[in-house]
K.L.:
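Questions regarding the structure given below will be posed in turn.
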Amino acid sequence: MSRNDAAPGTVTAPPGRTRRMLSHLYIQCLTAVFLGAAVGWLWPSVGADLKPLGDGFIALVKMFIAPIIFCTVVHGIASMGNARAVGRVSLKALVYFEVLTTVAMVIGLVVVNVVKPGSGLHVDVSTLSAKGLPPEATTAHEGFAEFVLAIVPATLVSALTGNEILPVLLVSVLFGFGLHAAGEAGLGIARGIEKFSTVLFTLIRWIMRLAPIGAFGSMAFTIGNYGLGTLRHLALLVGSFWLTALFFVLVVLGTVMRLNGLRLLPFLHYIKEELLIVLGTSSTEPVLPRMMAKLQHVGASKPVVGITLPAGYSFNLDGTAIYLTMGSVFLAQALGIDLSLTQQLTMLAVMLLTSKGAAGVTGSGFIALAATLSAVPHVPVAALALIFGIDRFMSEARALTSLVGNGVATLAVARWEGELDQDRAKAVLRGEIPYAPVPAPAAVTAEPGTKETPAPTRDPVPAAS
């Protein structure tokens, strides 16, 4: 008997209900994360061999990161009314980043001194070896002058072909100001860049359909390669770090959202797909294009999003900030090294520098911690071997915290600058204006003899009935 021939009075499920549910990216990613964890746990060798799935997905997205940042920042600066507005937005963003990063570090410092997860381990320094650490953790790290000089790329094009975000930002800002100063001559180039970014976002939308595969491979590798057994000995550190990150997100970032007239939990629900992708891949870079599009959809102006969010990927790594303070003091406790308050504050000052410029890729926090220990000789770098095995389990928390922090920062700076449509933001977060990842056309074709009308950058907020 077919569905249409069902007996009167019987209730049939809506056609395609399961299929519609599985069509949502966040459901696919969540399923992939659980399946990847199961494969890594049940078949560790198979899970470890699935690493190329995650690496391949991240590499596909990273291929577009630099061009997207370039197009968005250049168009944002060129479309602003004056150069002073760009400087004002940048200054406000940097002030916000420094304040929130410092708050995150102080919270991590307080928690690790209260919980003392490393006390009682009594590790002998002579038994430690840096042999198994990645090469980046054991090489000499750059000072402040080298850090600043590294921001300047060798050529204009090399900034777009490298792996660092700061050189891309520098080139983008200079090019944007150049187009802005060129007046009518730069207007055509700015429009061309905007249309090119539309193509890039279309390609990213296609690639994001592979996110569940990347999340599956990355999670299977993490569990299969490191195993859940490594968590038993250092569970207190991992647990306290996750809880500290959760506290920072819910309390600190929740307060920032409240001060800007919005609520955090609806925002977390709004970016749930991006959170699950980050959870699976341990990297914030794959979701940068989607976050830029979603923040514009929620009501923040395109120029503010284009300047603040990419800059946050280098200057506002809240999760990494918490990790640096907790990780360094934990290692000191494990080795029986008693750090004074002055020494801890000195390390915090160094971390404000070493945490900058670390892109949202997997393992960047671990390298930043190595740079901190190299700069402050209180704890030997070889001590990193104690937490190398569990670093991956903290990497997810670092990335998730930094992603939420950068999203909240963009909304806060937009509100601070008067570039946030709050009515629209509230309507979007209530679910009244759902996000559809379809790029809007750059312009609406007009009738012959009439001027071309640019397409709106934001959808209008529905009028109250």
Side-chain angles (χ1 to χ4, degrees), residues 18-19 21-63 129-137 206-243 245-246 272-287 319 323 327 360-367 384-401 403:
T18 303
R19 186 176 178 180
M21 185 174 68
L22 292 177
S23 66
H24 293 294
L25 185 60
Y26 72 93
I27 295 293
Q28 297 172 9
C29 290
L30 185 61
T31 304
V33 166
F34 281 117
L35 289 177
V39 169
W41 180 45
L42 297 174
W43 303 284
S45 59
V46 175
D49 291 338
L50 293 176
K51 187 174 186 288
L53 294 179
D55 292 346
F57 169 71
I58 294 176
L60 272 175
V61 178
K62 286 185 68 176
M63 179 172 61
S129 173
K131 192 174 182 181
L133 298 178
E136 296 88 349
W206 294 348
I207 292 175
M208 290 310 293
R209 303 312 303 177
L210 301 175
I213 298 176
F216 170 78
S218 295
M219 186 58 67
F221 165 75
T222 299
I223 303 299
N225 191 61
Y226 299 108
L228 294 175
T230 57
L231 293 174
R232 294 175 189 154
H233 303 292
L234 301 172
L236 186 57
L237 172 63
V238 176
S240 58
F241 174 69
W242 272 85
L243 290 176
L246 184 63
K272 59 183 179 296
E273 292 178 349
E274 290 70 32
L275 292 173
L276 286 170
I277 293 171
V278 170
L279 176 65
T281 60
S282 296
S283 173
T284 57
E285 283 197 337
V287 299
Y323 171 80
V361 297
T362 305
S364 60
F366 187 79
I367 305 305
L384 288 171
L386 292 174
I387 62 173
F388 180 59
I390 62 164
D391 177 73
R392 184 72 184 218
F393 295 100
M394 293 187 285
S395 179
E396 288 92 348
R398 290 200 302 263
L400 289 169
T401 305
L403 177 70

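It should be emphasised that the depicted structure is a prediction, and the values quoted were computed from it without experimental measurement. Residue numbers start at 1 and run along the sequence shown.
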K.L.:
Can you run down the salt bridge (charged side-chain N to carboxylate O under 4.0 Å, His left out) pairs that involve residues 36-47, sequence neighbours left out, and say none if there aren't any?
P.N.:
none

K.L.:
What residues, two or more places apart in sequence or in another chain, satisfy side-chain contact (heavy atoms from CB on, under 4.5 Å) together with Leu53?
P.N.:
Leu50, Ile213, Phe216

K.L.:
Between Ala32 and Ala215, which heavy-atom pair has the shortest distance, and what is it?
P.N.:
CB-CB, 4.5 Å

K.L.:
In the structure I gave you, are the side-chain heavy atoms of Phe241 and Thr401 within less than 4.5 Å of one another anywhere?
P.N.:
no

K.L.:
Could you state the interatomic distance from CD1 (Ile277) to OG (Ser218), rounded to the nearest 0.5 Å?
P.N.:
11.5 Å

K.L.:
Looking at residues at least two apart in the chain, or sitting in another chain, which of them share a side chain to side chain donor-acceptor pair (under 3.5 Å) with Asp49?
P.N.:
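Asp49: no side chain to side chain donor-acceptor pair (under 3.5 Å) contacts found.
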
K.L.:
With sequence neighbours left out, what residues match Leu243 under side-chain contact (heavy atoms from CB on, under 4.5 Å)?
P.N.:
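Testing Leu243 for side-chain contact (heavy atoms from CB on, under 4.5 Å), a comparison that skips the adjacent residues, returns none.
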
K.L.:
With sequence neighbours left out, what residues match Glu396 under salt bridge (Lys or Arg N to Asp or Glu O under 4.0 Å)?
P.N.:
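Glu396: no salt bridge (Lys or Arg N to Asp or Glu O under 4.0 Å) contacts found.
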
K.L.:
Please list all pairs meeting salt bridge (charged side-chain N to carboxylate O under 4.0 Å, His left out) that have one or both residues in residues 36-48, counting only residues at least two apart or in different chains.
P.N.:
none

K.L.:
Any chance you could measure Leu403, atom CG, to Leu279, atom CG, to the nearest 0.5 Å?
P.N.:
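Rounded to the nearest 0.5 Å, the CG-CG separation comes out at 11.5 Å.
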
K.L.:
Do Thr284 and Glu274 come close enough that some side-chain heavy atom pair is under 4.5 Å?
P.N.:
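A side-chain contact under 4.5 Å is absent here.
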
K.L.:
Kindly determine whether Leu237 and Met394 satisfy side-chain contact (heavy atoms from CB on, under 4.5 Å), including the steps that lead there.
P.N.:
CA-CA 9 Å; Leu237 172 63; Met394 293 187 285; 4.2 Å; yes

K.L.:
Taking only residues two or more places apart in sequence or in another chain, which ones pass side-chain contact (heavy atoms from CB on, under 4.5 Å) with Ile207?
P.N.:
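In terms of side-chain contact (heavy atoms from CB on, under 4.5 Å), with neighbours along the sequence ignored, Ile207 is linked to Phe57, Leu60, Val61, Phe64.
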
K.L.:
For Ala399 versus Val278, what's the shortest heavy-atom pair and its separation?
P.N.:
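Where Ala399 meets Val278 most closely, the heavy atoms are CB-CG1, 3.4 Å.
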
